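One structure below.
Since we're looking at a predicted model, the values are computed, not measured. Whatever order the structure lists them in is the order used to number ligands and atoms, beginning at 1.
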Amino acid sequence: MKNVDQNTITQAVLERMGNMPDARLKTIVTSLVHHLHDFAREVQLTEQELMHAIEFLTQTGQKCDDKRQEFILLSDVLGLSMLTVAMNNQKPAGCTEATVFGPFFVEGAPKVALGGDVAQGAPGQPCSVSGRVVGSRGQPVVHALIEVWQADEEGFYDVQRPELRAPQARASMQADGDGRFHFKTIVAEAYPIPTDGPVGALLRAMGRHPWRPAHLHFMIKAPGFETLITHVFRNGDQYLESDAVFGVRESLIADWVKQPDGNTLLQFDFVLNESHD
Ligand code: BEZ
Ligand code: FE
């Protein structure tokens, strides 16, 4: 097709994809072309603005390495990560809700025994966490595999501290035969997502703050159940209403109760959805 104009180019591009063998990819790219073109027409995108966007995405890629994933951050602050989580994790009432994975999970975290210390020297106030993993009928999820990771009191994950020689504030453990678990750690604090890259510049340009409310990350796996990726948030945190990545769910907010001896107690039970495949 020659002489395409601003209205006929969308159809011209779509026709060029007529022979795509992968049906799902065709659905995705077709919709993407429709939305991208409509977007450009709607905002009457200038050539300078397109170049600016390309430079932004180039910088986003250049900021990525094996410890930093700026594209995940971009997806997070635009709400795309949480939208995808919400669409793909619709569970029956009563099951624990999922939320964003985030960029700070590390495969192969140290294994700790029940009651063990997850902090491993990370700075922070002492905290004891306990709970139970059950299925949707209240049955114990025997020996569920629990991964936990969190920021320290200065708002950093261990992977953001290049001087560390060993993991801190992350661990994996197995629930007991009744689905129960408990461990020692430090009190999680609110922290800003990394702002020294293009996503930070975008947040500033949007007039938005980068803070996430204090939370503990959990990933829980067991045969016969859907894997649950979620957080437990700290009640009273000032950022619960304005999480930079839109990850807060009312049902995931819990009381972290400070004791007279200075220790903080957190109790939270998880309800897994049975898998049906
Ligand atoms: C996190 O909770 O670790 C996180 C999630 C999204 C973006 C940055 C950090
Ligand atoms: Fe986090």
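Close approach of ligand 1 to H217 is summarised as follows: ligand atoms under 4.0 Å from at least one heavy atom of the residue are 1 (C), 2 (O), 3 (O). Listed by number with element, the atoms of ligand 1 under 4.0 angstrom from any heavy atom of D76 are 6 (C), 7 (C). Short contacts between ligand 1 and L73, defined as distances under 4.0 Å to a heavy atom of the residue, involve ligand atoms 7 (C), 8 (C). Counting atoms of ligand 1 from 1 in the listed order, those under 4.0 Å from a heavy atom of G102 are 4 (C), 5 (C), 6 (C).
Of the heavy atoms in F101, none comes closer than 4.0 Å to ligand 1.
Among the backbone and side-chain atoms of Q150, none of the N, O or S atoms lies under 2.8 Å from the Fe ion (ligand 2). Within the 2.8 Å limit, H231 places no N, O or S atom next to the Fe ion (ligand 2).
Rounding to the nearest 0.5 Å gives a distance of 4.5 Å between CG of L14 and NE2 of H34.
Note: F104 and Y157 have parallel aromatic rings, judged against thresholds of 30 and 60 degrees for the angle between ring planes. Ring planes of Y191 and H215: tilted class, angle from 30 to 60°. Ring-plane geometry between F183 and F218 is classed as tilted, the angle between the planes lying from 30 to 60 degrees on a 0 to 90 degree scale.
Protein heavy atom at the shortest distance from atom 9 (C) of ligand 1 is P103 CD, 3.4 Å. If you check which protein heavy atom lies closest to atom 2 (O) of ligand 1, you get R212 NH1, 2.5 Å. The single protein non-hydrogen atom nearest to atom 3 (O) of ligand 1 is Y191 OH, 2.8 Å, given as residue, atom name and distance.
Of the possible polar contacts, one joining the K184 side chain to the G115 backbone as a donor-acceptor pair under 3.5 Å is found.
Side-chain contact, T264 with Q125: no donor N or O sits under 3.5 Å from an acceptor N or O. Side-chain polar atoms of E274 and Q139 form a donor-acceptor pair below 3.5 angstrom. No donor-acceptor contact under 3.5 angstrom links the side chains of T230 and R249, judged on distance only.
Rounded to the nearest 10 degrees, the angle OH (Y157) to the Fe ion (ligand 2) to NE2 (H215) equals 110°.
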